[in-house]
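Read through the structure below, which is laid out as structure tokens, and then see the notes.
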Amino acid sequence: GVLTTLTFFSDQAAREAHLSAMQRLTYRRRLSYNTKSNKVKVVKTPGGRLVYQYTGKQGTAPKCGDCGMALPGLPVVRPRKLKNMSKNKKNVTRAYGGSRCHSCVRARIIRAFLIEEQKIVKRVLKAQQQK
């Protein structure tokens, strides 16, 4: 009976692994289903107990509004954390900082410049035709 269930472990790690495999864990919050918002990892406390630690969802990177590329230099956090962050952590110091990526801003600047140049050329041609 009892003697057959007791096993002798030569090293401490094997004994702890055996005990931890037997230990039963319970959620620490009221939600008892394995949903996306209720993901946990097993952590060993300094007292030797195993407990669940809630991982929290992964945030999504802010993306460029034009091309959809993830914006470099901006943190990947959940919206609640974004709310509490200061403004300089949520953007980069450039025109269209936390909204558009560098290549799209460059394309916008070049496009605007070329459009202005085109207007000047039209004005010059109109002036020449009136002479």
Side-chain angles (χ1 to χ4, degrees):
V2 177
L3 290 175
T4 55
T5 56
L6 291 175
T7 49
F8 178 73
F9 295 102
S10 57
D11 62 334
Q12 182 72 15
R15 191 172 72 76
E16 285 179 2
H18 179 72
L19 286 174
S20 64
M22 290 168 34
Q23 186 174 340
R24 194 171 286 204
L25 297 170
T26 56
Y27 285 125
R28 302 165 91 173
R29 298 178 187 163
R30 288 178 189 273
L31 179 59
S32 61
Y33 299 101
N34 186 21
T35 59
K36 284 192 292 183
S37 64
N38 206 26
K39 294 296 176 206
V40 289
K41 66 177 181 180
V42 180
V43 173
K44 191 167 210 173
T45 63
R49 283 173 52 235
L50 293 181
V51 292
Y52 276 149
Q53 211 175 58
Y54 289 90
T55 53
K57 290 191 202 173
Q58 190 73 30
T60 54
K63 294 184 176 51
C64 173
D66 291 348
C67 66
M69 183 184 98
L71 295 173
L74 298 181
V76 179
V77 291
R78 299 293 296 169
R80 191 74 170 272
K81 274 227 177 100
L82 267 179
K83 183 175 73 83
N84 298 328
M85 286 169 82
S86 59
K87 194 165 190 175
N88 68 339
K89 289 189 179 79
K90 291 185 278 196
N91 62 18
V92 291
T93 50
R94 181 177 60 230
Y96 297 100
S99 168
R100 303 289 186 265
C101 68
H102 66 283
S103 52
C104 290
V105 173
R106 186 170 186 264
R108 279 176 182 230
I109 292 170
I110 292 170
R111 191 184 312 124
F113 174 75
L114 291 175
I115 289 170
E116 288 299 315
E117 286 290 307
Q118 199 65 35
K119 286 180 188 173
I120 292 168
V121 169
K122 274 186 188 172
R123 228 181 285 139
V124 169
L125 287 175
K126 196 172 184 181
Q128 284 179 352
Q129 283 178 351
Q130 286 178 352
K131 283 185 181 177

Do Leu82 and Lys90 pass the side-chain contact (heavy atoms from CB on, under 4.5 Å) test, and can you show the C-alpha distance, the side-chain angles, and the key distance before you say yes or no? CA-CA 7 Å; Leu82 267 179; Lys90 291 185 278 196; 3.8 Å; yes
Using a 4.5 Å cut-off on heavy atoms from C-beta on, say whether the side chain of [Y] contacts that of [X].
X: Asn34; Y: Lys39; value: yes
X: Val43; Y: Lys41; value: yes
X: Leu25; Y: Leu50; value: yes
X: Ile110; Y: Arg106; value: yes

Heavy-atom donor-acceptor pair, Asn38 side chain to Tyr33 backbone, under 3.5 Å: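 Yes.
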Check for a donor-acceptor pair, side chain of Lys63 on one end and backbone N or O of Ala61 on the other, with a separation under 3.5 Å.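 Yes.
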Looking at every heavy atom in both [X] and [Y], which two are closest together, and how far apart are they?
X: Met85; Y: Val77; value: SD-CG2, 3.9 Å
X: Thr26; Y: Tyr52; value: O-CD1, 3.4 Å
X: Lys57; Y: Lys36; value: CG-O, 4.1 Å
X: Cys101; Y: Cys64; value: N-SG, 3.4 Å
X: Val92; Y: Pro72; value: CG1-O, 4.3 Å
X: Gly98; Y: Leu71; value: O-CD1, 3.3 Å

Return the NZ to NZ distance between Lys126 and Lys122, rounded to the nearest 0.5 Å.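 It comes to 10.0 Å.
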Any chance you could measure Cys104, atom SG, to Ile109, atom CD1, to the nearest 0.5 Å?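 CD1 of Ile109 is found 11.5 Å from SG of Cys104.
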Please say whether more than 12 non-hydrogen atoms of neighbouring residues, nucleotides or ligands are located less than 6.0 Å from CZ in Arg49.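 No - once you tally the heavy atoms of other residues, nucleotides and ligands closer than 6.0 Å, there are 12 at most.
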Would you say Val40 ends up clustered with Val42 if hydrophobic residues are merged whenever their side chains have heavy atoms under 4.5 Å apart, either directly or through other cluster members?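 Per the 4.5 Å side-chain linkage, Val42 and Val40 are co-clustered.
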Please determine, by modelled atom types, if Arg108 and Tyr96 share a side-chain donor-acceptor pair under 3.5 angstrom.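 Result is yes, a qualifying pair exists.
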Under 6.0 Å from the ring centre and within 45 degrees of the ring axis: does the NZ or CZ of Arg29 meet both conditions for the six-membered ring of Tyr54?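 Yes, Arg29 sits over the ring of Tyr54.
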